[in-house]
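Notes follow once the structure below has been shown.
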Amino acid sequence: MLPDQFIQFIVLGPGLAALIAGLFQRFIGDRGAMVVTTATVGLAGIFSLYQLFAYAAGAGGAGHVEHASLAADTGAATSYVGQHIIHLITWMDVGGFKADWAIRVDAMSIVMMAVITGVSGLVHLYSWGYMADDPHKARFFSYLSLFTFAMLMLVTADNFIQLFFGWEGVGLASYLLIGFWYHKDAPNDAAIKAFVTNRVGDFGLALGIMAVFLVFGSVEFGPVLTAIKENAEVVPLALAEAGAVREVVVPFLAWDIPALELIGVLLFIGAMGKSAQFFLHVWLPDAMEGPTPVSALIHAATMVTAGVYLVCLVSPIYEYAPFAASMIALIGAVTALYAATVGMAQNDIKRVIAYSTCSQLGYMFFAAGIGAYEAAMFHLFTHAFFKALLFLGAGSVIHGAHHEQDMRNMGGFARYMPLTYGAMMIGTIAIIGLGIPHVWGLSGFFSKDAIIETAFAAGTNGVPFAQLAFWFGIVAALLTSFYSWRLIYMTFHGPRAEPHHDEAHAHDDHGHGHHHGDPHESPLVMLIPLGVLSVGAVFGGWYFYDAFVGHDYKEFWDGAIYAAKENTVLKDKYNVPEWVFWAPLIVTVTGFVIATFTYLFNRGVGQRIADSGGPLHGLFANKWYFDELYNATLVRGSAWLGDLFKIGDKKVVDGIGPDGVASLVRWSSRRLSAMHTGYLYHYAFVIIGAALVFGAILFWRSGGAG
């Protein structure tokens with residue numbers, strides 16, 4: 001394992017590089033900013049990958065005992081089974097509320113550090129070529145490193161408050177990156193949409209963290225999760241009676257809600273927003289308005305996987321919150337199928353891959369919902385390789401095709417950019433999960449099939465929604481194969497297409513006009529990351545299978561993931577019927593055959609189907625009309641409610657309050673001013689009138705007294 005100083009560099013280095021690039025660009029120039037950020041994140045990636053391979057080779061275990069004793073000697077925070085805490089500084093310590101800046105090193109954070117810094121380092125390098133003509137390179141690279149730093153703070157946090165800091169930091173950095181080309185309306189709108197949608201989820205996460213402190217009196221992962229595992233007695237701060245944590249209820253209106261269920265649902269709402277699950281998914285495709293390297297960084301390994309990571313990290317909560325776990329399984333299964341249907345009808349090359357991300361995240365979530373947290377993390381890990389490969393490959397296509405993104409304007413690109421074509425083929429075969437059961441396949445085969453098999457096993461054991469998730473996963477695999485091969489055929493095969501622009505695709509990736517000419521291969525600095533990711537997409541699943549979900553999974557995870565039932569789901573997957581192992585291959589080949597017939601041998605069929613405008617195609621092409629539905633209800637409803645409150649505020653509150661008082665004073669002053677005429681007889685009249693009034697009052701009072 002790496003010494004603490006190296007781990008601190010991995011986590012803190014990108015943040016320092018972001019500050020240097022962002023604040024000192026005038027002194028070091030664009031190239032200096034690019035060198036500082038790329039070198040720092042790249043070196044952090046090398047250290048993180050070394051740490052992952054070393055940890056996997058040792059299968060955890062013994063190394064952690066050594067680190068636990070080291071933690072005690074160096075004054076680090078308390079270390080729990082399977083983890084080592086590197087204490088940085090005390091952040092908050094008020095009464096019973098305590099939160100540190102610390103780095104938690106365990107199997108979960110080791111995997112995530114490798115994924116984040118590995119992909120981010122390659123994205124930094126790739127951006128040297130992709131952003132070569134952009135005048136604001138220092139700002140872009142600073143944002144990339146800031147994003148990386150925030151994500152690292154999130155995954156290495158040892159308490160909910162530090163996790164929330166990283167969570168919001170990632171949201172801020174993604175807003176800056178999606179809206180990087182702020183001179184265009186589309187990126188600005190997309191950035192705002194992502195920011196606002198995530199605020200909905202983040203509100204749930206914040207409430208969940210508050211509920212954790214309410215019940216446990218702590219926001220540190222160690223004490224909270226240990227109390228759940230041991231069913232320790234807790235004394236909630238208010239609103240609930242003391243008792244064993246799994247039986248504690250929180251009264252709300254007329255209901256007594258189990259505390260763990262409440263916490264689990266609220267935390268998952270936060271995960272839904274960040275990981276673009278059904279209902280809160282609408283921001284993800286629009287995030288494609290940012291530069292393509294941003295798409296790779298957000299969609300491959302970082303922001304969108306934060307929700308999956310959170311659910312797996314707090315797995316003890318969901319082990320004893322069956323309603324919340326069932327909710328995760330259902331939402332994940334629906335998302336996997338929904339996004340796959342929409343991906344079939346998109347024409348923007350980046351949006352197809354974006355909906356693919358949404359669908360794959362659905363797989364990860366329903367795996368976590370049925371208790372197969374290890375399988376969810378395995379798919380998160382392998383997905384980072386092939387999804388980053390696909391996005392950077394799409395960026396290479398866009399770069400080589402003079403900033404064209406509409407696949408209807410492509411075709412025959414394979415002969416112009418063979419290396420990009422080869423990388424995209426590897427990414428496609430990996431994401432569709434092509435492989436021969438019990439023999440070998442690419443990364444997606446090992447991780448996605450593990451999820452499908454465990455879903456079937458969980459369904460036979462009566463886990464809620466597991467059977468539904470299994471069948472939705474099978475259908476989504478069919479659709480994934482179809483739209484992935486559709487992308488390959490429309491982009492790289494057949495004749496060059498005639499320009500086919502419409503309003504939805506009249507933009508380009510850099511804000512430049514479209515220039516039509518022969519495509520060309522991308523520069524070497526963009527091809528090297530494709531080559532590295534291709535190796536991961538081919539061998540990553542095979543190499544890490546036993547460690548993540550195979551025979552060594554207990555030693556590898558070493559307590560970082562908790563399953564109350566000794567993970568019978570993973571054990572039982574080896575006892576499923578043989579047809580379950582072959583079903584994903586059958587539907588994958590079926591999707592390939594349909595796409596080949598439609599878009600290779602009969603290239604015009606797909607376009608004719610689209611032009612016919614059938615209801616099903618319209619539903620998929622318009623993303624099930626979610627944007628229109630939300631605009632008609634939430635957006636317009638909020639505007640109407642705002643106008644109503646504005647009327648109430650202006651007419652009632654201000655009318656009776658400050659505006660009313662001011663109007664009364666003005667009216668009174670005008671009337672009193674009218675009496676100041678300067679004529680003596682007017683003043684005499686007022687004096688006599690006043691004397692009569694006061695005299696009458698005195699007479700009345702004296703008469704009453706008598």
Please verify the inter-ring angle class for [X] with [Y]; under 30° counts as parallel, over 60° as perpendicular, anything in between as tilted.
X: Trp624; Y: Phe278; value: perpendicular
X: Phe544; Y: Phe381; value: perpendicular
X: Phe268; Y: Phe365; value: perpendicular
X: His383; Y: Phe386; value: perpendicular
X: Phe581; Y: His438; value: tilted

Query raised in the report: Are any of the side-chain heavy atoms of Leu337 and Leu479 separated by less than 4.5 Å?
Result: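 The answer is yes, as the side chains (C-beta and beyond) meet within the 4.5 Å cut-off.
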**Report entry** Flag side-chain contact, heavy atom, 4.5 Å: Phe378 against Tyr373
**Finding:**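 No; the side chains remain at least 4.5 Å from each other.
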Query raised in the report: So, Lys623 and Asp627, do they make that salt bridge, N to O below 4.0 Å?
Result: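 Result for this pair is yes, salt bridge flagged.
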**Report entry** Identified side chain to side chain contact (heavy atoms under 4.5 Å, CB included) counterpart of Phe492 within the set Met425, Met424, Met410
**Finding:**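 Of the listed residues Met425, Met424, Met410, the side chain to side chain contact (heavy atoms under 4.5 Å, CB included) partner of Phe492 is Met424.
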Requested in this report: Please say whether more than 12 non-hydrogen atoms of neighbouring residues, nucleotides or ligands are located less than 6.0 Å from CG in Leu634.
Outcome: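 Buried by this count: over 12 neighbours within 6.0 Å.
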Report task. For Tyr625, look at atom OH and say whether over 12 heavy atoms of other residues, nucleotides or ligands are found less than 6.0 Å away. Result ->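 Enclosed.
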Query - His281 ring center near Tyr338 ring center (under 6.0 Å) - result: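 Between Tyr338 and His281, which both carry aromatic rings, the centre distance is below 6.0 Å.
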Report task. Before giving the answer on ring pair (Phe, Tyr, Trp, His ring centres under 6.0 Å), spell out for Tyr489 and Tyr599 the whole-Å C-alpha distance, their side-chain angles and the decisive distance to 0.1 Å. Result -> CA-CA 6 Å; Tyr489 292 143; Tyr599 290 96; 7.8 Å; no
Report task. Assess Lys350 against Phe391: is NZ or CZ under 6.0 Å from the centre of the six-membered ring, and within 45 degrees of the ring's axis? Result ->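 Because its charged atom misses either the 6.0 Å distance or the 45° angle limit, Lys350 does not stack over Phe391.
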Query raised in the report: Taking the six-membered ring of Phe203, is NZ or CZ of Arg199 closer than 6.0 Å to its centre and within 45° of its axis?
Result: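 So Arg199 doesn't make the cation-pi contact.
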